[in-house]
J.: 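I'd like to ask some things about the structure below.
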Protein chains: 2
Amino acid sequence: MPIEIASNVTASTRFLAVDKERYAYRRFGAAQGLPLLCLQHFTGTLDNWDPAVTDPLAAGRDVILFESAGIGRSTGVVPNTVAGMAAHALAFLDGFGITTCDVLGFSLGGMVAQQMALERRSIFRRMILVGTAPRGGEDIMHLEKPSLAKPLGDPSLKGYAVLQKIFFAPTETSQKAGAAFVDRLKRRAEDREPTSGPAVAQAQMAAFREWEKVSGQRFSDLKEIHHPTLVVNGVHDEMIPVRNSYWLSENLPNAVLLTYPDSGHGSLFQFHESFTRQAKAFLESESQFAPY
Amino acid sequence: MPIEIASNVTASTRFLAVDKERYAYRRFGAAQGLPLLCLQHFTGTLDNWDPAVTDPLAAGRDVILFESAGIGRSTGVVPNTVAGMAAHALAFLDGFGITTCDVLGFSLGGMVAQQMALERRSIFRRMILVGTAPRGGEDIMHLEKPSLAKPLGDPSLKGYAVLQKIFFAPTETSQKAGAAFVDRLKRRAEDREPTSGPAVAQAQMAAFREWEKVSGQRFSDLKEIHHPTLVVNGVHDEMIPVRNSYWLSENLPNAVLLTYPDSGHGSLFQFHESFTRQAKAFLESESQFAPY
């Protein structure tokens with residue numbers, strides 16, 4: 001296998017066949033310790049992982065970017081529940097022969113990570129949940145509300161420009177960080193994934209609506225997730241408001257919360273230097289407790 | 001001046017006369033860079049600063065523990081407003097000739113720090129606010145509520161045993177950390193401060209009630225505090241609930257929030273290794289932005 005620079009700008013997309021599906025993924029990094037599985041946001045492909053986040057993390061471990069069924073060049077159909085997505089991610093790790101790893105779940109990916117931890121506790125050692133919500137959370141990706149409907153319906157905003165608008169706060173500083181984020185995503189020139197279409201969005205939106213439902217005592221399933229967990233959010237997240245992160249950190253028994261000012265859903269991209277420093281310190285801890 | 005080990009176990013109490021008052025304080029540490037002013041909690045004296053928190057911080061800077069008017073061996077009367085306490089802290093720094101420092105304000109001390117920053121922006125470079133609340137916060141030190149009235153009225157709990165009960169969460173792990181905290185406070189054998197009596201408590205409680213009042217738009221004064229700020233709390237704080245820290249981090253324009261699991265008001269003492277690591281990284285940052 002040729003030596004690659006450990007970067008999501010250049011890492012080649014690979015494929016793993018498991019059962020009926022063929023999953024696209026990228027794996028790059030230091031190949032020491034436990035790998036870090038990265039689970040992606042609504043409609044995001046492998047190309048939506050900011051190299052300013054993935055690459056510093058890959059300096060100390062293998063980073064595995066996973067593309068779930070029906071996204072990008074992965075075969076299959078996008079499930080309309082988080083549990084269905086968790087099944088794909090577990091099948092992928094099984095196909096790889098990975099029995100335990102760390103996880104970085106962003107937005108929808110953070111929900112998938114929680115579901116995986118509930119179904120198979122041993123699959124994760126430490127968890128990082130960014131811009132996400134517990135089952136029974138509120139105001140999860142309601143794209144019809146004015147603050148999101150307006151930029152999403154603006155014909156002058158196309159492609160990544162929409163991401164910049166809705167992942168970042170409306171301040172000058174945050175939008176500037178958003179523009180830098182978009183520039184970094186564009187640095188990958190070849191071997192790119194096809195972007196997601198309406199069918200992907202529709203199934204994932206159904207999964208969000210199902211995830212908002214509560215059966216039994218609200219947030220009681222979080223008590224079963226004992227993994228050391230780092231919860232991260234921007235305080236001005238319009239897509240999955242920060243109170244969902246408050247509920248995570250108040251109800252997960254072993255979670256540290258970190259929030260960033262002047263930022264929205266994409267706080268990890270805006271403050272990528274701080275986020276990767278904090279995430280590395282968290283992942284490098286050998287403690288059974290989350291504080292690092 | 002004799003060389004002292006930089007520890008609150010052994011640092012001698014000193015006195016600074018300014019105007020009509022003589023303030024007790026301790027100053028110890030590496031004497032490089034900006035000093036860190038430490039502002040204390042309800043009824044707390046210089047002896048209530050945990051050496052597991054002060055001493056690691058003093059390894060990289062001078063730590064100044066300040067005893068406000070009417071507390072311990074400081075002369076004067078305890079003010080019944082936070083603004084009154086801020087005036088004493090500013091007079092003390094003026095007397096020392098300190099024009100800018102960093103601050104660690106815990107609980108009541110965090111309110112005093114906010115007031116000082118509002119009155120004289122240049123007095124602080126970076127701020128750490130632990131277990132505290134903004135003006136207009138809620139449920140600030142309501143000792144009459146059952147969760148606090150019960151341990152406070154328990155005749156079997158005396159002295160530091162009360163602190164252990166109310167500063168830490170009711171779990172076995174948190175109470176064990178509380179016992180270790182109490183043991184550390186007891187390590188200082190000589191040159192101790194007299195403990196606070198009812199008159200101190202009464203004036204400080206009046207200050208809490210006044211701090212809960214809002215005039216004008218709620219939290220609007222926080223928009224004026226642009227200092228890089230680190231807000232810290234335990235998610236099970238019964239004395240000043242964590243939602244007050246959420247309001248701080250959502251309304252201060254430049255604040256990072258860090259919360260700890262399985263802990264209450266004394267989260268900084270329970271997770272002293274993590275807290276001092278995070279605090280040092282925050283204080284060592286040269287950025288104009290809070291994320292570190």
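Every chain is numbered from 1 and lettered A, B, ... according to where its sequence line falls, protein lines coming before strand lines. Computed from heavy atoms alone, side chains included, the values below leave out hydrogens, waters and symmetry copies.
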J.: Between A:Gln278 and chain B, which part of the residue has a heavy atom less than 4.5 Å away: side chain, backbone, both or neither?
T.: side chain
J.: Does the ring centre of B:Phe269 sit less than 6.0 Å away from the ring centre of B:Phe168?
T.: no
J.: Check each atom of A:Val242 against the heavy atoms of chain B and say whether the ones under 4.5 Å are side chain, backbone, both or neither.
T.: side chain
J.: Using a strict cut-off of less than 4.0 Å between a Lys/Arg side-chain nitrogen and an Asp/Glu carboxylate oxygen, indicate whether B:Asp102 and B:Arg126 qualify as a salt bridge.
T.: no
J.: For each of A:Asn254, A:Thr171, A:Thr259, A:Val235, tally heavy-atom pairs with chain B at distances under 4.5 Å, and name the one with the top tally.
T.: A:Thr259
J.: Between B:Glu212 and B:Arg135, does any NZ, NE, NH1 or NH2 come within less than 4.0 Å of an OD or OE carboxylate oxygen?
T.: no
J.: Please state whether the side chain, the backbone, both or neither of A:Phe271 comes within less than 4.5 Å of a heavy atom of chain B.
T.: side chain
J.: Can you tell which part of A:Pro253 gets under 4.5 Å to a heavy atom of chain B, answering side chain, backbone, both or neither?
T.: backbone
J.: Can a salt bridge be assigned to the pair A:Lys165 and A:Glu238 using a cut-off of 4.0 Å between side-chain N and carboxylate O?
T.: no
J.: Tell me, out of A:Ser249, A:Ser287, A:Ala255, A:Pro291, who's got the most heavy-atom pairs with chain B below 4.5 Å.
T.: A:Pro291
J.: Measure the acute angle between the ring planes of B:Phe167 and B:Phe181, then classify it against the limits of 30° and 60° as parallel, tilted or perpendicular.
T.: parallel
